[in-house]
Each structure stands twice: as C-alpha cells, then as structure tokens.
S.K.: 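Following this message is one structure expressed as structure tokens.
Just so you know, these numbers use all the heavy atoms, side chains as well, and skip hydrogens, waters and symmetry mates.
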Amino acid sequence: INGIDSSPDVLNDLVIEEDGSRIEESLSVKKDADSENHLYLVFSIDSSRSISKKFLKKIKKSARDIAGGIGEKDKIAVYRFNDNVELLNSFSRNTDEILDSIDGIKRHGNRTLLYTSIYDSIELLDKVRLINKKVIVFTDGKDEGSSVDEEDVIQFANNAMIPIYFICCKDSKNIGSMVRISKRTGGRLICSNSNDVSGMYRAVLSVMKDRYTASYTTKLN
C-alpha cells in the first residue's frame, strides 16, 4: 500500500471492500519495519541520440539525486541503452561506483532499445529474492528496434510483480506509452521541465520506501 501516511489517521486514508462490502471493524494497518524495506533499484538510462544533450544532462542529474537519496542498505544497478543495452554496474551499495556509471554515459547510436532495456531490467530484478524492487527509466519514451513491445513489458513486469517508474520531460511526444506502462504495472510517471529535480526524486523515494501491511478478518467461507 503506497502513499499512506503513517500517522494514527492512516485508516481514514484506506478503504477495503470484499465482494462489495466495506471492511471496517477488523481492519488494521501496520507500517512494515525498516529492515524489511531495503530497496533494489535498476536505473535504465536512455543514451540514444533521440534525446538532446540538455535532456541527457537533466537525466543524469535526476539519476544522481535519486542515487544519493537511498538508504545505506539499498542497492542500485545501472543500465544504459541506445543501439544496444549494456549493464554498467550490477547491484551495488557503493555510491561512487554508481555515480561513476551514471557520469560516464554519453549519447550515441541510431536506435533506442527502450523496451528491451526495461525487459532486461525486470529480468535482473526477478533474480532478487526481496519484495521491494523497482525499475526507474530515464527517457523521452521513444522505442525503436526492440525485440519486445509494450505489452510484453507490461506482462513480464506484472508476472514478476515489479513496478516500472518513468522520469521524463513534460514535452515528450511519447507520454501515452509511458503512462500505460507505469499505470498497468503499479509504477508512476514523473514529468518535469524544471532544472530542480529534488521534488521528483523525493516523490519517487517516498512511494518506494514506505510499505504497509493491511489485515482484516474475512467474511467469506
């Protein structure tokens, strides 16, 4: 359950219905212990020529800000994609290693294997035996030349129970596909034209870090 305040009024923010009947009396909500909330993130960063130098600079700053805001036990892997998909570093807690991978990304290539990169990111995360794992894609949303399509990505993400988040600019021409993928996988699309991305990454991390368990007594046989 994402986005619920941890105050005593948390129950006012949550409605659970079972076969059309609202559960009230037996419902309890408990925030999971921090020890259970370790994040495993995969950054998938667009380095194709379909994005401008200015946008790549903003992408890299956003990725750096998010990497700098994670917990000491969280881990990040970094992919970059253009004509091909390359894993720059596997899961690591070493912030310097992660930032070096991000800083070394440059624009090149003639195609944009966005969906292939997302698919590979899910495949990497699916090997992690923890619950709190996500893909964050930094892109303008254009795909060109992938061997999988939008529906393949959505189905694979849902089967693996891995949400996909996108960080992009508001003037992207491919917002629609990113909205569909993020919405149908339980992720989120975050757009901004601002150079100040602090609000974006705080929003992403707050949704990812907080987890709650809702319990109630069923009325069904």
Side-chain angles (χ1 to χ4, degrees), residues 41-68 76-92 95-125 134-154 156-157 162-185 187-201 203-204:
L41 303 179
V42 174
F43 289 178
S44 184
I45 300 177
D46 193 337
S47 60
S48 68
R49 294 189 184 274
S50 72
I51 61 173
S52 66
K53 292 181 180 179
K54 182 179 179 180
F55 184 38
L56 180 59
K57 184 177 180 180
K58 290 177 68 174
I59 281 176
K60 289 164 73 170
K61 184 180 186 304
S62 300
R64 288 177 59 91
D65 287 342
I66 294 175
I76 294 176
V78 180
Y79 278 100
R80 71 109 180 100
F81 62 93
N82 40 66
D83 289 275
N84 54 65
V85 180
E86 182 181 354
L87 179 63
L88 300 180
N89 70 263
S90 193
F91 292 112
S92 174
T95 304
D96 290 339
E97 178 186 354
I98 296 165
L99 296 183
D100 284 346
S101 295
I102 295 169
D103 289 340
I105 295 174
K106 301 183 185 303
R107 294 167 62 246
H108 57 85
N110 299 313
R111 295 187 300 165
T112 312
L113 303 185
L114 168 61
Y115 295 153
T116 300
S117 176
I118 298 174
Y119 199 94
D120 289 355
S121 299
I122 297 168
E123 194 168 47
L124 183 66
L125 276 172
K134 332 279 180 180
V135 175
I136 307 180
V137 188
F138 303 82
T139 183
D140 62 356
K142 180 180 180 180
D143 179 86
E144 188 177 23
S146 287
S147 57
V148 293
D149 60 22
E150 180 182 313
E151 286 299 320
D152 293 328
V153 166
I154 292 171
F156 191 29
I162 296 172
I164 301 171
Y165 292 74
F166 289 93
I167 292 182
C168 70
C169 281
K170 287 182 179 177
D171 57 0
S172 170
K173 298 178 181 178
N174 305 285
I175 292 289
S177 61
M178 291 186 283
V179 168
R180 286 189 296 273
I181 293 172
S182 58
K183 185 175 182 179
R184 291 178 60 187
T185 62
R188 180 176 292 187
L189 171 67
I190 298 176
C191 299
S192 176
N193 284 326
S194 171
N195 290 326
D196 178 13
V197 297
S198 60
M200 285 199 304
Y201 80 81
V204 171

S.K.: Is any side-chain N of the basic residue among Arg111 and Glu144 closer than 4.0 Å to the acidic one's carboxylate O?
M.R.: no

S.K.: At their closest point, which heavy atom of Phe81 faces which heavy atom of Ser117, and how far apart are they?
M.R.: CD2-OG, 3.3 Å

S.K.: Is a side-chain N or O of Arg107 found less than 3.5 angstrom from the main chain of Ile51, in a donor-acceptor match?
M.R.: yes

S.K.: Compare every heavy atom of Gly141 with every heavy atom of Ser177, then report the nearest pair and how far apart it is.
M.R.: OG-O, 3.9 Å

S.K.: Could you check Asn82 against Ser48 for side chain to side chain donor-acceptor pair (under 3.5 Å), going step by step and ending with a plain yes or no?
M.R.: CA-CA 4 Å; Asn82 40 66; Ser48 68; over 6 Å; no

S.K.: Are Arg184 and Glu151 within salt-bridge range, i.e. N to O under 4.0 Å?
M.R.: yes

S.K.: When rounded to the nearest 0.5 angstrom, what is the spacing between CG in Asn89 and CZ in Arg80?
M.R.: 13.0 Å

S.K.: Is any side-chain heavy atom of Leu99 closer than 4.5 Å to a side-chain heavy atom of Ser101?
M.R.: no

S.K.: Just do the side chain to side chain contact (heavy atoms under 4.5 Å, CB included) check on Val135 and Ile122 with the steps written out, would you?
M.R.: CA-CA 7 Å; Val135 175; Ile122 297 168; 4.2 Å; yes

S.K.: Roughly how far apart are Asp46 CG and Leu114 CG, rounded to 0.5 Å?
M.R.: 7.0 Å

S.K.: Side-chain contact test, heavy atoms from C-beta onward, threshold under 4.5 Å: evaluate it for Thr112 versus Asp143 and give yes or no.
M.R.: no

S.K.: For Arg180 and Ile154, which heavy atoms make the closest approach, and how far apart are they?
M.R.: O-CD1, 4.3 Å

S.K.: Please check this pair: side chain of Ser182 against backbone of Tyr165, looking for a donor-acceptor N/O pair closer than 3.5 Å.
M.R.: no

S.K.: Counting N and O atoms only, with roles assigned by atom type, does the side chain of Lys134 sit under 3.5 Å from a partner on the main chain of Pro163, one being a donor and the other an acceptor?
M.R.: no

S.K.: For a quick test of reading the model, state the closest non-hydrogen atom pair linking Leu113 to Asn84 and the distance between them.
M.R.: CD1-CA, 3.7 Å

S.K.: Hey, does Phe166 have a side-chain heavy atom less than 4.5 Å from the side chain of Ile118?
M.R.: yes

S.K.: Going from CG on Asp103 to NZ on Lys61, what distance comes out if it is rounded to the nearest 0.5 angstrom?
M.R.: 12.5 Å

S.K.: Is it true that the side chains of Asp65 and Ser62 contain a donor and an acceptor less than 3.5 Å apart?
M.R.: no

S.K.: If you look at every heavy atom in Leu124 and Val42, which pair is closest and at what distance?
M.R.: CD2-CG2, 4.2 Å

S.K.: Strictly below 4.0 Å, N to O, side chains only: are Lys173 and Asp140 in salt-bridge contact?
M.R.: no

S.K.: State which residues pass ring-ring contact (aromatic ring centres under 6.0 Å, His included) with Phe43; sequence neighbours excluded, sorted by chain then number.
M.R.: Phe138

S.K.: Go through it in stages, so that I can follow the logic: the residues are Ile136 and Ser44, the test is side chain to side chain contact (heavy atoms under 4.5 Å, CB included), and I'd like the CA-CA distance, side-chain angles, deciding distance and then a yes or no.
M.R.: CA-CA 6 Å; Ile136 307 180; Ser44 184; over 6 Å; no

S.K.: Would you mind reporting whether Lys106 and Leu56 have side-chain heavy atoms less than 4.5 Å apart?
M.R.: no

S.K.: Kindly indicate whether the side chain of Tyr115, heavy atoms from C-beta on, has any atom under 4.5 Å from the side chain of Glu150.
M.R.: yes

S.K.: Nearest 0.5 Å, please: how far is CG in Asp152 from CG in Asp149?
M.R.: 4.0 Å

S.K.: Can you confirm whether the side chains of Glu97 and Ser92 place a donor and an acceptor under 3.5 Å from each other?
M.R.: yes

S.K.: How about Ile59 and Ile167: do any of their side-chain heavy atoms sit closer than 4.5 Å?
M.R.: no

S.K.: Search all heavy atoms of Phe156 against all heavy atoms of Glu123 and return the closest pair with its distance.
M.R.: CE2-N, 3.8 Å

S.K.: Under a 4.5 Å cut-off applied to non-hydrogen side-chain atoms, are Ile181 and Val137 in contact?
M.R.: no

S.K.: Would the distance check show the side chain of Ser146 and the main-chain N or O of Thr116 forming a donor-acceptor pair, the cut-off being under 3.5 Å?
M.R.: yes

S.K.: Give me the one residue out of Ile76, Leu125, Ile98 that meets side chain to side chain contact (heavy atoms under 4.5 Å, CB included) with Phe91.
M.R.: Leu125

